[in-house]
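Residues: numbered from 1 along the sequence shown. Only a predicted model underlies this, so the values are computations on that prediction, with no experimental measurement involved.
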Amino acid sequence: MRDGKGPSRAPVLQFTNCRILRGRRLLRWEDLWVREGRILDPEKLFFEERLVADQQRDCGGCILAPGFIDVQINGVHLEGPFISREKRGAHPEAYLRSFEANAFHDVLATYGSLDNVRIVTLAPELGRSHEVIRALTARGICVSLGHSVADLQVAEEAVQSGATFITHLFNAMLPFHHRDPGIVGLLTSDRLPPGRHIFYGMISDGMHTNPAALRIAHRAHPQGLVLVTDAVPALGLGNGRHTLGQQEVEVDGLTAYVAGTKTLSGSIAPMDVCVRHFLQATGCSVESALEAASLHPAQLLGLEKLKGTLDFGADADFVMLDDSLHVQATYISGELVWQAEEARQ
């Protein structure tokens, strides 16, 4: 622990024989140094503190990438009930709501508390939605546009009010039309506030979005693309029926449906599956695919100084991946919290 009088004497951990994703490049000849849950600058360690590592871990040539950040897991991210009936997807129609005279009060009454909320999805065409967007963003909550029939002008006005994200692009919104591209048009809109950067989520699970649509979005606005899983509690539980809120979902292979229908109900693909599918579909670089699951969501949330990066001073949250981008181990604050079975051999 630090005593306020000098450098920490906590142990230093050195990860060797690895490729580190840093500054949009995979660095092949650098090690990763960790102390007290943070990434260290080795030059300061050597030349100012005159210390070396207390422990070394050989990564066997694996990639070390910033920990994945999933901004859309069903139940963390508040998606609904202030959404369009026409584009409600798997959301039960009986629970949908609109904004009344005291719009923000409706939000508080519905959610109970916003203390631990980071993202809210709403349909911007709902009356008084811009009032809600301004109130939420004033509280540091990201507003995302989705499950909506909004045209481009309405979507642009929502961004001008403070919205910064699009919920699962192409899914549960009007299809692209050349005379009015709808919410999709935000990717190339010239009517966003100066300096405003729009981000958008994509479910790259091989089911929700055609590879051609992934390519179109990526080529139109690569810096804003955020990979999301849209995962439901059935993730990892196998085929069969599982619960999601007040309804049942049927899992069949890599697809989850509202039971008894062919309506997609979230996803059961883990993030590394989404990264691999995105890489294959778009032909982007490995670095770009990994940043879409780490740096970009961190930027969306305003956490890029500490999360989504392996820069010096950042939190030591990272994943170890093999050449095919299968996760071999997960570290939080420099501590191993999960390891693949084959990596334990």
| request: Spell out, as yes or no, whether a donor-acceptor pair under 3.5 Å connects the side chain of R35 to the backbone of L13. | output: no

| Can R24 and E287 be counted as an ion pair, charged N to O under 4.0 angstrom? | no

| query | Less than 4.0 Å between a side-chain N and a carboxylate O, is that true for E93 and R88? | reply | yes

| task | Assign the ring pair H218 / F278 to parallel, tilted or perpendicular, where the plane angle (0 to 90°) is split at 30° and 60°. | result | perpendicular

| task | Verify, without hydrogens or angle tests, whether D315 (side chain) and D317 (backbone) share a donor-acceptor contact under 3.5 angstrom. | result | no

| Distance in Å, H168 NE2 paired with L264 CG, rounded so as to fall on 0.5 Å steps | 10.0 Å

| said: Between the side chains of R22 and E30, is the shortest nitrogen-to-carboxylate-oxygen separation below 4.0 Å, so that they form an ion pair? | reply: yes

| Are any side-chain N or O atoms of T137 and backbone N or O atoms of I133, one a donor and one an acceptor, separated by less than 3.5 Å? | yes

| Non-hydrogen side-chain atoms of V117 and Y111 separated by less than 4.5 Å | no

| said: Is there a path of hydrophobic side-chain contacts, each under 4.5 Å between heavy atoms, that joins L78 and V143? | reply: yes

| Side-chain (D151) to main-chain (V154) donor-acceptor, under 3.5 angstrom | yes

| request: Would you check if the side chain of Y200 reaches a backbone N or O of A217 as a donor-acceptor pair within less than 3.5 Å? | output: yes

| note | The reported gap from CD1 in I183 to OG1 in T167 (rounded to nearest 0.5 angstrom) is 8.5 Å

| Which value, rounded to the nearest 0.5 Å, describes the distance between L301 atom CG and C142 atom SG? | 6.5 Å

| message | Keeping H147 on the side-chain end and I83 on the backbone end, is there a donor-acceptor pair under 3.5 Å? | response | no

| field | R196 side chain to T164 backbone, donor-acceptor under 3.5 Å | value | no

| message | With a sphere of 6.0 Å drawn around CD of Q153, does it hold more than 12 non-hydrogen atoms of other residues, nucleotides or ligands? | response | no

| L214 CG to T282 OG1 distance, which is reported to the nearest 0.5 Å | 7.5 Å

| message | Parallel, tilted or perpendicular: which one describes the rings of H77 and F165, with boundaries at 30° and 60°? | response | tilted

| query | Can you tell me if E335 and S333 form a side-chain donor-acceptor pair at under 3.5 Å? | reply | no

| request: Look at the side chain of H277 and the backbone N and O of D205, then say whether any donor-acceptor pair between them is shorter than 3.5 Å. | output: no

| task | Would you indicate whether the side-chain heavy atoms of P124 and S148 approach each other to under 4.5 Å? | result | yes

| task | Report yes or no: do S189 and E156 form a side-chain donor-acceptor pair below 3.5 Å? | result | yes

| message | Within this structure, what is the CE-CD distance for the pair M320 and Q328, rounded to the nearest 0.5 Å? | response | 8.5 Å

| field | side-chain hydrogen bond (donor to acceptor under 3.5 Å, both in side chains) evaluation trace for R97 with T110 | value | CA-CA 9 Å; R97 297 189 60 179; T110 299; 2.7 Å; yes

| task | Could you tell me whether D54 and R9 have a side-chain N and a carboxylate O separated by less than 4.0 Å? | result | no

| Any donor and acceptor pair, going by atom type alone, linking the side chain of D322 with main-chain N or O of L325 inside 3.5 Å? | yes

| message | Can you tell me how far apart CD (E79) and CD1 (I73) are? Round to the nearest 0.5 Å. | response | 12.5 Å

| said: If you apply the rule ring-ring contact (aromatic ring centres under 6.0 Å, His included), what do you find for H221 with H197, and how did you get there? | reply: CA-CA 10 Å; H221 185 28; H197 188 59; 4.9 Å; yes

| query | Does I69 share a hydrophobic cluster with F199, counting links as ILVMFWY side-chain heavy atoms below 4.5 Å and allowing steps through other members? | reply | yes

| Shared hydrophobic cluster for L108 and F82 (ILVMFWY, side-chain gaps under 4.5 Å) | yes

| query | So, Q160 side chain and R191 main chain: donor-acceptor pair closer than 3.5 Å or not? | reply | yes

| query | Just one of L227, D230, T121 clears the side chain to side chain contact (heavy atoms under 4.5 Å, CB included) bar with Q72, so which one? | reply | D230

| task | Report yes if the side chains of V71 and I119 come closer than 4.5 Å at any heavy-atom pair, otherwise no. | result | yes

| said: Here's a test for you: under ring-ring contact (aromatic ring centres under 6.0 Å, His included), which of F312, F15, F46 qualifies with W33? | reply: F46

